[in-house]
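Read the structure below first, then the notes.
Just so we're on the same page: letters track the sequence lines, and every chain starts at 1.
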Amino acid sequence: MLNVENLTLHYGQSQILHGITLNAPVGEVTAVMGTNGVGKTSLLKAISGRHPYTDGTLAVGDQQLNHPSAFTAARAGIAYVPQGREIFPLMSVQENLETAFACLPKDERFIPEEIFQLFPVLLDMKARRGGDLSGGQQQQLAIARALITRPKVLLLDEPTEGIQPNVIQQIGRTISLLREQGNMAIVLVEQNFDFAYGLADHFVVMTRGEVKRRADKADITPEAMLEELAL
Amino acid sequence: MKFNKSLSASIFAGLLASTSMVAAQDCAEPIKVGVLHSLSGSMAISETTLKDAMLMLVEQQNAAGGLLGCEIEAVVVDPASDWPLFAEKARELLTVSEVDVIFGNWTSVSRKSVLPVIEELNGLLFYPVQYEGEESSRNVFYTGAAPNQQAIPATDYFLEELGVEKFALLGTDYVYPRTTNNILEAYLIDNGIAEEDIFVNYTPFGHSDWATIVADVVALGEDGKQVGVISTINGDANIGFYKELAAAGVSADDIPVVAFSVGEEELSGLDTSNLVGHLAAWNYFQSAESDANTDFIAAWKAFAGEDRVTNDPMEAHYIGFNMWVNAVEAAGTTDVDAVRDAMYGQEFPNLTGGTAVMLPNHHLAKPVLIGEIQADGQFDIISQTSEVPGDAWTDFLPESAVLKSDWQELGCGMYNVETESCVQLTSNY
Amino acid sequence: MPRVLILLALLLGFSPAAQAQELQTLLQPHAQEVAKPGRRTVGTVLDDLASSGIPQVATFLEEWQDKSVWQSPEGLFFIADEDGDNLILTDIDSGVETTAPSDGFTQLKPNGGVRRVIGTALVQFQLMDPDLNRRTTAVASIARRPEASQLAPLLGSIDGEEDPTLKARKIQLANFLSASFAEEPTDRIAAISSLSTDVSVEARAVLNQILTTRPALAEELPTDVNVARVLNPGEDMSLDAAYELLVADDLAAPRTDADTIKAALASNIINGRVGDVPVAQLGTTANRNRAYAQLAHSGTVPPLVTDTDRDAALAKFTFFEIYDEADTAITDAATTALASVETRVAVGQSADLALDALSLASIYFLAAIGLAITFGVMGVINMAHGEFIMMGAYTGYVVQLFIPSYTASIIIALPLAFAVTFAAGVAMERLVIRHLYHRPLETLLATFGISIALQQLAKNIFGTQARPLTSPAWLDGAWVFNDVVQISYIRIAIFVLAVIFLFLILFVLKRTRLGLEVRAVTQNPGMAASMGINPDRINMLTFGLGSGIAGIAGVAIGLYAKVTSEMGADYIVQSFMTVVVGGVGNVWGTLAGASLIGFLQKGIEWLNPSNTLAAQTYMILFIILFIQFRPKGIVALKGRAAAD
Amino acid sequence: MNKSFLMRNPSTLWFLLGLSLFTIVVTILSDAGLGVMSTSFVKTLGKTLCLCLIAVAMDVVWGYCGILSLGHFAFFGIGGYAVGMWLMYARTEGIVLDSLATQTIPPTAQEVTDAIGNQIFGVVGSSEFPMIWAFSDSLFLQLLMVVLVPGLLALVFGWLAFRSRVTGVYLSILTQAMTLALSLYLFQNDSGLRGNNGLSGLQNIPGFENTPQSTISLAFFYASASAVALGYVLFAWVTSGKMGSVIKAIRDNESRVRFLGYHVESYKLFVFTITAVVAAIAGALYYPQAGIINPAEIAPIASIYLAVWVAIGGRGRLYGAVIGAAFVSLLSSWFTGGGAPAIPLGFYTIQWTDWWLVLLGLSFVAVTLYAPKGIGGLFDYLVRKPS
Amino acid sequence: MSTLLEVDGVSVSFDGFRAINNLSIQIGEPELRAVIGPNGAGKTTFMDIITGKTKPDEGRVTWGDRNISLLGMSESEIAMEGIGRKFQKPTVFEDQTVRENLAMALHNPRGPFAVLFYKKTQEGAKRIKEIATEIGLSDSLTRRAGELSHGQKQWLEIGMLLAQDPRLLLVDEPAAGMTTAERELTTDLLKRAAKTRAVVVVEHDMEFVRRLDCKVTVLHEGSVLAEGSLDHVTADQTVIDVYLGRQ
């Protein structure tokens, strides 16, 4: 579903990504792994249009996206759950969810039942301000918000960062549910090794802006994977 | 600059010589009349009209054969409502364009800016607007009203005819209202009005929030005395003032308002149906009935447009310009000193009937008119005095009462009659 | 004049018999006074007319008051109507209509003072008139010039009055007249006491008139007069003023002022000296006084009255004020009533001041609310905001040119002004501001450029003269609670408009899709874009909204004040201060800022009512200090603009 | 400020050379030489030089230090008022003493003061001698005021503002409010500075009553040129060395400079105050040439225009400010003076007095959008090799 | 090695989020210290607290031989005490030359008037030259800082720190965006600097930290998780868990 070829990206004069190629098939989870500062977040920013990439191609299905701006990327079906959640702090949970309607035609602008089934806590918190939620709740809100756009590609950046274990489990269950539904390609950037390894179908290991290793889950043991990620 | 000017002048002269035989032989150059009125900035509202009036007068004079057999050329400059620029442009007119006379200025501050320049260069200025007096310059002829030709008669009307016992003096905070109100306060106290029965208020230029002030004025009536308002409010601020007055239901029968700065032009900015009966005092109203006025209005509308109105400063320019033309003809030259001498005693018919006379103190003797506002934005003249001689130094302030201006006999604009000496030959700025 | 006299003689000769009955003949001896009446002198004519008993007198007086009476070249008076160059003349006696060319006729224009006197004379004819308007006019005339003689007819007319409002008014007036003029002191006291709850200016006038005093002095305080209070020189009046009173009564010698001394010295110079002081040394006050003392000693000039002399003279006398009204009971009653009224008036004045402040606050709010969106929410410094206000006002003016009905024109002008300024705002955002989002200071410069260009453009199109923008008749006048507390309808309308806008904007921001997207973009533009919101479009619409509101504010401001090309400049600095003081990024903040500024300004004005300019100066100084100590404003909130 | 400083800054030398050349040319063309340049034009040039000086000050505070002050014309005006008070007082004192000398009795000091007060304030409707004028009899003290009053005002205002870390647009609005408050204060007749009329007749220099204005204007022209030269060198010195580095660094990244150990607020205050003082000196030289100063001169719009001159000339380059101020103000007077020929379009004739402001306004927009470095940037582009 | 800086029991919260939680760290003089930790561990906030940018809710920060408290001092005062800081994003003054950048940072009086009348000295020029050589920019002294490559800017910023002559150098991610060769030079630079003073380096790149070869402090959720040599801490199971997200 998501096809990224030879993507390069600069911050000012310094090159952050050196020709990344990434293919995320629909209905599967592709995990991008690597220690801090290897360019994982930059990669997601480039795909979601939040930071312009320098060179390379980006496509969602058959649709070529030529250096999309963030909102064209979103409307093309790339939903982005950023690191740090980026909830709108002064808006209620309901309003946060409704921001996603911008991607939808008028007659589809409703919050599907399913969302509250996935994240029942949001139903209780509907009227609360986004900024007042706990980190875990915010994370769920961020994912729910992304799902309402009916995405073809879901980009998740460190969804477990700073979140208590039970919520992590819940998020994990949600992701596998989404994978099973098979409506979207999921790209997961994660430092939590166990979490990532548990969910992913494919791995892309990055180091210093380059792809160091790519592998399907079947082809690599956790130990080998850890070896790749060694500190 | 000068080089350019003389070059173009000689080209112009050459053109004249080759293409036109209109000018008499001794007219190498046309007689130049400087027009020093703001065409941009805040004062353009009032002054543009005067520039147009001057152009019309010059055109009429040229059509009537020019002056001393020469064409008259109007040199128009724009001091842009910027007071220092008035001095600069006046200097330019006198030294670069070498005009023979200047007609110009509206605000007092612009006149004060120009005074040192024309006194230094011995120019001649005709100033057409009603002003606060307390000034006399050898180089200025004041064709507008001095306080005793507008403020004092209007106050007399209030005292005599309307029986006003308590006065609200409302003004914009600048020199004309300040000085006029000082004079009026002294005058009212002389006429037996107690000091506590005089309420004074100053507001900024363009003030729009009048509710409180109007309420204060209405409250003045609480001791049962007849209240009257003397307004020296300037320009746009009047619109808000009259709107608030109308809204508060203050009719001219309850609290009459007489204004010194509201003319036909100012009234065109608002609906006057609620203001009928309020007053203004001037030396001229468009509604004055005389043949000269009918002709003047017709000529003006033909020149400037059907919807244009005439007003007092225009009449002042009309009289001033014609007097100057006659004085030049009497002197046979445009030389400033000769023209000045010829100016004294010049007579010219007013547009309102009667005759204006130029006095040795450089002011005119003119009748004072009081008009009531009508629903159509014109004034109904209900009182007209005989000619009142303009007085440069008011008799109602102790410092000024001892001063006298007489350039013809005494050769001094600021002559102290007590010490019998001339305080100064230049004017005070 | 001689010609008039001859004519008069002719007239008299022709109809000697009708002389007594005809108004025209009655008027002719007074012709000059009728043609040019004066307030003080017109009384004799009116007395003659009133006592003549001629039935046409009332009509004539009304027409005269109405400036509808003309004098023919022969000196005869007609009621006339202008019809082109002709006059339709109505004979004042017979009512016969004729037509004559208007040449030579002069219209009689009695001035306001005379018209008022005529009105008083008309009272007796109009008070019982079947026409309600005339009765109302008569009552108004009484109110303007209350006289003792009017009390009886007024009381007589009350019972027959059918109109309840007018009847109440008549009773009120009768009460005023009784308080001043009733014969029995008890009647007067009763009337006076009933006024103690009436805060109207008229009631206070009645009471104050009863309590008028005059100053007096005597060696001993007299017991046979109604003394209002004793005046202590130095406390209640200045010592010099008290001494002046003595001088005026020839009870003391006048004081010698500096000019008199100087003049005396100048006329007594002998051999270059005055006394033993050389003229050259007379440049100090001390030396002058020494020289004068020597002159006084030699008897050349009257002696100097020193401060000690003055005080000694004053000590011999008592100064006091006497009521014009001799009856103590009446003045006491009036004093009590007035004290009660004045308490109520003070309360009323505070309320009125608060209303004025509220009104001013709503005007500031209206002027600033568009800016609260463009500057407060988006962080764009739009110096042309004032010009958008101006554009709105001119839109209102142009609409009135085409649509004569003021009501309809305002209804059309409001949305049209919004549309015009919305379009202007969007155009400006697209063409200029979009490129400058990261350079806020330069937005200031660029929009300032647009501001002066728009201002000059308006001058070129509409001229420099102020243009009329007239409110519909139902907004004329004021809501009058009483004579102290009142506020004009147009200000109420502006207040209502401000409230509507407050809620409208809150509604748009909180309850609409646009508002949701605006808030999302404001709080986190990047994330908003990632949710599929086009920030460019939102910025454009938000800016358009802010500008559009400025346009509507312009119509409102134009209605209550003026429409000129420079009107926007009057509001721009204050609008920015309103937003900054209130706290950027919050509509409630703007409300708080406008209220603070409005109430502050009225408060300072109240402290110094004669100088409005000073109030504005101190208000701004206060704001400068306020921002120093609370840089984020009253309602501080984080927003995109708050970041820099 | 030694020779080596100038040697190290050739652009300053070039500027001084150009200015001297300009002065010489003006002298030759003026009445002192060939007489083809009118006195009014010499005055215009002298005034323009003063505007260039304040523009240079503005450039330092804004272009170099990043503080967009919309208040520097207030300081300019205060300088003008301070000098104007002495000029008015001294001139009037001369007249009054002459007139009183004819009296038989010599006047007392009080009479002299009263007469002066009446002369100066009588025309604006009062005759009290306000406290503010206490030092107006002393040229030295008033000249001290030129420096002290704006300096203190800038110091206090700046201290308050910088201390509470009001920056960016907020500071601009605050300085604008300061200007507005000052001009409103001066508009009041009660301020003791003659309200709307301001101080006039300033071109008549006491003690030089018989010197023709052509000479006086040339003298002021020289004084203005010297002030510009000195001011330019001063600011070139301030902005060139380490001080320049620090203030430019504050403009670019205020907090980084803090971490370098510099007390940013003191630097801002220093720059704000010293430019305020120079602005006041420019004003003190300007108004005797203009002849009149009044509150309208201080209106907030004047300070915005000042910023515009600097923006059009090019921020961050001293010569840019000079070019901008000279270019826009001379062009402005050319257009409003009717110097530009009207353009007939057949159906409409473009009169530049009407359309000049529209053009000027749009050119601000164009400069901000397309030429953020202004004319100076263009100049740089032509002079320097592109790097 | 004496204690130069002592952070003791410091906590700070933002909007309810506890960024630093009872953090205690001691830095000696001279010392080279690396601070590592996953995102959000509080590394940058730690530096903010020391340099006065953020005021802690509780705890003490004492400095130097006289144990003065850094809390309550302004940023510039702390800098003058001898604490230099390099930010994550290189912040050199791009409009100015390398020499000017360095000169500004030189340890000299910082008052406006002292700066205004500052005269270039032989000594200062020599020092600039030395530092420029140290950071490998001796040929670029007259170039505008904006023209430098990313790595050079990082070095320049380190050079500016050195010019300040601080006793404590806080360096935030010096190697970000650098090529391998540049990284090596940077480590050498830091190691040399640490010979005479305390240097604290925050860095993600383990390779880089390894090359620094110094004591490592691992931060996690606002407090110290482990401390010791790199080998020691990377062998620590809790550290591995934290780094790999296996709580």
Measure [X] against the heavy atoms of chain D and call it side chain, backbone, both or neither at under 4.5 Å.
{"X": "B:D82", "result": "side chain"}
{"X": "B:A87", "result": "side chain"}
{"X": "B:S427", "result": "backbone"}
{"X": "B:F86", "result": "neither"}
{"X": "B:S113", "result": "both"}

When you look at [atom1] of [X], are more than 12 heavy atoms from neighbouring residues, nucleotides or ligands closer to it than 6.0 Å?
{"X": "B:K51", "atom1": "NZ", "result": "yes"}
{"X": "D:E209", "atom1": "CD", "result": "yes"}
{"X": "D:F22", "atom1": "CZ", "result": "yes"}

Inter-residue atom distance [X].[atom1] - [Y].[atom2], 0.5 Å rounding:
{"X": "D:D114", "Y": "B:E399", "atom1": "CG", "atom2": "CD", "value": "9.0 Å"}
{"X": "B:F205", "Y": "D:F187", "atom1": "CZ", "atom2": "CZ", "value": "6.0 Å"}
{"X": "D:S40", "Y": "B:L121", "atom1": "OG", "atom2": "CG", "value": "9.5 Å"}
{"X": "B:T426", "Y": "D:N204", "atom1": "OG1", "atom2": "CG", "value": "7.5 Å"}
{"X": "B:R111", "Y": "D:N197", "atom1": "CZ", "atom2": "CG", "value": "8.0 Å"}
{"X": "D:R194", "Y": "B:K112", "atom1": "CZ", "atom2": "NZ", "value": "7.0 Å"}

Exercise. Checking D:Q213 against chain B: side chain, backbone, both or neither under 4.5 Å from a heavy atom?
Worked result: both
Exercise. Quick one: what part of D:Q289 sits under 4.5 Å from any heavy atom of chain B, side chain, backbone, both or neither?
Worked result: neither
Problem set entry | Worked verdict on B:W83 versus D:N196 for side-chain contact (heavy atoms from CB on, under 4.5 Å) | CA-CA 10 Å; B:W83 318 138; D:N196 179 56; 4.3 Å; yes
Seminar exercise, completed: In short, B:P84 meets D:I292 closest at the heavy-atom pair CA-CG2, 3.5 Å
Seminar exercise, completed: Heavy-atom nearest pair, D:N189 first then B:R178, reads CB-NE, 3.0 Å
For this session: Would you please go through residues 89-100 of chain D and name the residues with a non-hydrogen atom below 4.5 Å from one of chain B, in numerical order?
Result: D:R91, D:I95, D:S99
Exercise. Does any donor atom in the side chain of D:Q119 or B:Q424 lie under 3.5 Å from an acceptor atom in the other side chain?
Worked result: yes
Exercise. Going by distance alone, is a donor N or O of one side chain under 3.5 Å from an acceptor N or O of the other, for D:T44 and B:E88?
Worked result: yes
